[in-house]
Every structure is written in C-alpha cells, then in structure tokens.
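Beneath this line is the structure, given in structure tokens, with notes to follow.
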Amino acid sequence: YAMVLITSLRWKSLLESIKFKARIFELAEIFFLGQFMNTILPARLGDVYKAQLIKKNYGVPRSTIIGNLFVEKFLDIIALIVLLMVSSVFVFGKSVPEGVKNVIAVGITAVALALIALIASNKFKNYLKFLIPKRFRNIANLFQRSASSSISAKNLPFVLALTIVLWGLESFILYLVILSLGLELQFSSIIFIALFANLLMVVPLTPSGLGIVEVGVAGVLTFMGFERNAAISVAILNSIITYWNLMLDGFVVYVFSKKS
C-alpha cells in the first residue's frame, strides 16, 4: 500500500506538468481502481479506466490523461531496463541466459518504438494530422500535447527517484517472500528477479502478466539453483501478494468508491 501512495505521488507530479492538480489520496483511489481493472483485463485496459475516471470526476479529456500515462509507463520501462541490465551483470556476469536476453531485447524494442513515436508525433505533427481522420484529430492532438509536456527538467529527477524507490520496494517484497519460505538468495539476485518479473508485463497479453510472470520467476529461480518446488512456491506466494491481494482489495474499493 505504500507503493500505491508512492506511485500516486509520482503520477501527481506528472499530472501537474499538464496543469492538472488533485489531492494525493484522490489520485491514489483512482490509481488503485485502475490497477484493479488491470488485474481482470488484458492489455492494461485499467489505464484507460483511470483516464475515464479522471474525465468523469474532473472533466479532463481521456486522451490527455492517456498521453500522460503513456509517458509514465515509458519512463518506467526505461528505468526498468537500465536497472535490469546492470543487475544482470552482477548476477550472471558474461553468462546472461538467452531467455533473459530475449526479454530485455523486447523491452528495448518497446522503448525504441515508443521513443520514435513520441519524436515523430512532435516533429511531424503538422504532416501527420492529414493522415488522421478528422474526427480523431483533436484526440490525437490532445494526446500529443500531453505526452510532450508531461515530463520536464523540473520534475524528471523527482519522478526517477520515486521510480527507483518503487523498484526497491518490489525487490523487498520478493525478499520477504523468499525469507518466509526459509530460503536464501543474494539481494542482487532478488533485485534482478523482481525487475525481470515486471519486464515480463511490458507486453500485457494477460491481466497484469498473470501466468507469464509466475512461469518467468520460477524459471529464473530454477536456473539460479532453486529446487523446482521451491521456485514454484516463491512464484505463487509472490503472485498472491502482488496480484491476487490487489484484485481482492481492489474489488472492495470498486464496490464502495464514489469515483467508480
């Protein structure tokens, strides 16, 4: 729950760049509802739901908020890949498994495509608008303006610092899971696994990467020398804390929230 507040604080900083202000606990409620939707819907449709809630409660266009969320996820993935590459060197040295290399390659590709899209939409916006049907031009324009103004030299250090704190908390949760099962693993390896699990959700084929993350975590732990049953136990318990707990608590918030 500390992670929900920290993530909401980061989102608040990004939203203030597009001249939107709201109380931290109001944003935390909307963020929590969106994350709940991400646990039951694929393709991170919960982010679209967040945008819908902002529009419903504050009157801000959906496309403006989606552009802002796009930048947030873009920064998330950049920090994730950089930290994952650094931690993989500490954990594997020069013998990084092929599967890990492939997942990192997918993440780098996603970042590259997103960066190209951002640069192209900003530099060639006067030309691109003629390729977009008239009925969608205003939506595209709002998205582009929001995405290009969501981050600045003023808020970037703060946003990146909170992002690092969030990944640290993710790693600490996994550390506690491993400790609770009476197992041991170097913290550098735990950081790597936590980052790797989140990178598996970059392409959200299932709700919050359900199934894909568990298989990935268990696979990496097995590669690191854990017995198969122990690796599966860690993956399942971590999933209960980070996925199923969020889904159940999110459902309660959804039922009683006045914003949903």
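- The two atoms that bring Q52 and R62 nearest to each other are OE1-NH1, 2.7 Å, heavy atoms only.
- Using a 4.5 Å heavy-atom threshold, the side chains of I30 and W11 count as touching.
- Checked by atom type and distance alone, the side chain of S146 never pairs as donor or acceptor with a backbone atom of F143 at under 3.5 Å.
- In this structure the side chain of D47 never reaches within 4.5 angstrom of the side chain of F70, judged on heavy atoms.
- Residue M247 places its CE atom among more than 12 non-hydrogen atoms of other residues, nucleotides or ligands, all under 6.0 Å distant.
- Here CG of L41 is found 8.0 Å from OG1 of T39. Values are rounded to the nearest 0.5 Å.
- Connection of F196 to F172 is established within a shared hydrophobic cluster, with ILVMFWY side chains joined at heavy-atom distances below 4.5 Å, either directly or through further cluster members.
- Interatomic distance, S188 OG to I193 CD1, rounded to the nearest 0.5 Å: 9.5 Å.
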Point to revise | side chain to side chain contact (heavy atoms under 4.5 Å, CB included) assessment of R10 paired with L166 | key: CA-CA 10 Å; R10 184 183 65 174; L166 287 169; 3.9 Å; yes
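- In this structure, E26 has no salt bridge (charged side-chain N to carboxylate O under 4.0 Å, His left out) partners at least two apart in sequence or on a different chain.
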Legend entry - side chain to side chain contact (heavy atoms under 4.5 Å, CB included) assessment of L5 paired with F25: CA-CA 8 Å; L5 287 175; F25 289 105; 3.8 Å; yes
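- No more than 12 heavy atoms of other residues, nucleotides or ligands shown are found within 6.0 angstrom of CZ on F251.
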- [ ] Check the pair K21 / Y58 against side chain to side chain contact (heavy atoms under 4.5 Å, CB included), numbers first and verdict last.
- [x] CA-CA 10 Å; K21 293 186 178 181; Y58 301 98; over 6 Å; no
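- Partner of V60 under the side-chain contact (heavy atoms from CB on, under 4.5 Å) criterion, out of L15, L142, I18, I54: I54 alone.
- Tracing side-chain contacts under 4.5 Å through hydrophobic residues (I, L, V, M, F, W, Y), one reaches L246 starting from I40; they form part of the same cluster.
- Linking Ile, Leu, Val, Met, Phe, Trp and Tyr residues whenever their side-chain heavy atoms come within less than 4.5 Å leaves V215 and L199 in two separate clusters.
- Counting only heavy atoms from C-beta outward, the side chains of E29 and L53 never approach each other to under 4.5 Å.
- In this structure, I77 CD1 and K73 NZ are separated by 6.5 Å, a value rounded to the nearest 0.5 Å.
- Only one option out of F92, W167, F187 pairs with F192 in a ring pair (Phe, Tyr, Trp, His ring centres under 6.0 Å); it is F92.
- The two residues S189 and V91 make their nearest non-hydrogen contact at CA-CG2, 3.7 Å.
- Other residues, nucleotides and ligands place more than 12 heavy atoms under 6.0 Å from the CD atom of E16.
- Remark: R137 CZ is packed, more than 12 non-hydrogen atoms of other residues, nucleotides or ligands lying under 6.0 Å away.
- Smallest separation of non-hydrogen atoms from N57 and K258: OD1-O, 4.5 Å.
- T222 places a side-chain N or O within 3.5 Å of a backbone atom of A218 that can act as its donor or acceptor partner.
- The shortest heavy-atom contact between L174 and A194 is CD2-N, 3.8 Å.
- Between the side chain of N155 and the backbone N or O of S152, at least one donor-acceptor pair lies under 3.5 Å.
- At a threshold of 4.5 Å between side-chain heavy atoms, the hydrophobic network of Ile, Leu, Val, Met, Phe, Trp and Tyr places L183 and I190 in one connected group.
- Checking side-chain atoms of S17 against main-chain N and O of I151 turns up no donor-acceptor pair under 3.5 Å.
- By the 4.5 Å heavy-atom criterion applied to side chains, T163 and L75 are not counted as neighbours.
- Annotation: the span from F32 atom CZ to K50 atom NZ amounts to 11.5 Å, rounded to 0.5 Å.
- Minimum heavy-atom separation, E214 to L210: OE1-C, 3.6 Å.
- Within a 6.0 Å sphere centred on OH of Y243, other residues, nucleotides and ligands contribute more than 12 heavy atoms.
- Using a 4.5 Å heavy-atom cutoff, the side chains of M37 and V48 are not in contact.
- Formation of a donor-acceptor pair under 3.5 Å by the N68 side chain with backbone atoms of L14 is found in this model.
- Distance check: R44 CZ to M201 CE gives 7.5 Å after rounding to the nearest 0.5 Å.
- Annotation: side chain of I191 is not in contact with side chain of F90 (no heavy-atom distance under 4.5 Å).
- Environment of CZ in F158: crowded, with over 12 heavy atoms of neighbouring residues, nucleotides or ligands closer than 6.0 Å.
- Linking Ile, Leu, Val, Met, Phe, Trp and Tyr residues whenever their side-chain heavy atoms come within less than 4.5 Å leaves L169 and V86 in two separate clusters.
- A distance-only check finds a donor-acceptor pair linking the side chain of S260 to the backbone of Y254 [under 3.5 Å].
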What donor-acceptor contacts under 3.5 angstrom involve side-chain atoms of residues 96-115, with partners at least two apart or in another chain?
unit_1	atom_1	unit_2	atom_2	d
N102	ND2	E98	O	3.3
T109	OG1	A105	O	2.8

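- Between the OH atom of Y49 and the CZ atom of F36 there is a distance of 8.5 Å, given to the nearest 0.5 Å.
- Nearest heavy atoms, S208 versus V213: O-CG2, 4.1 Å.
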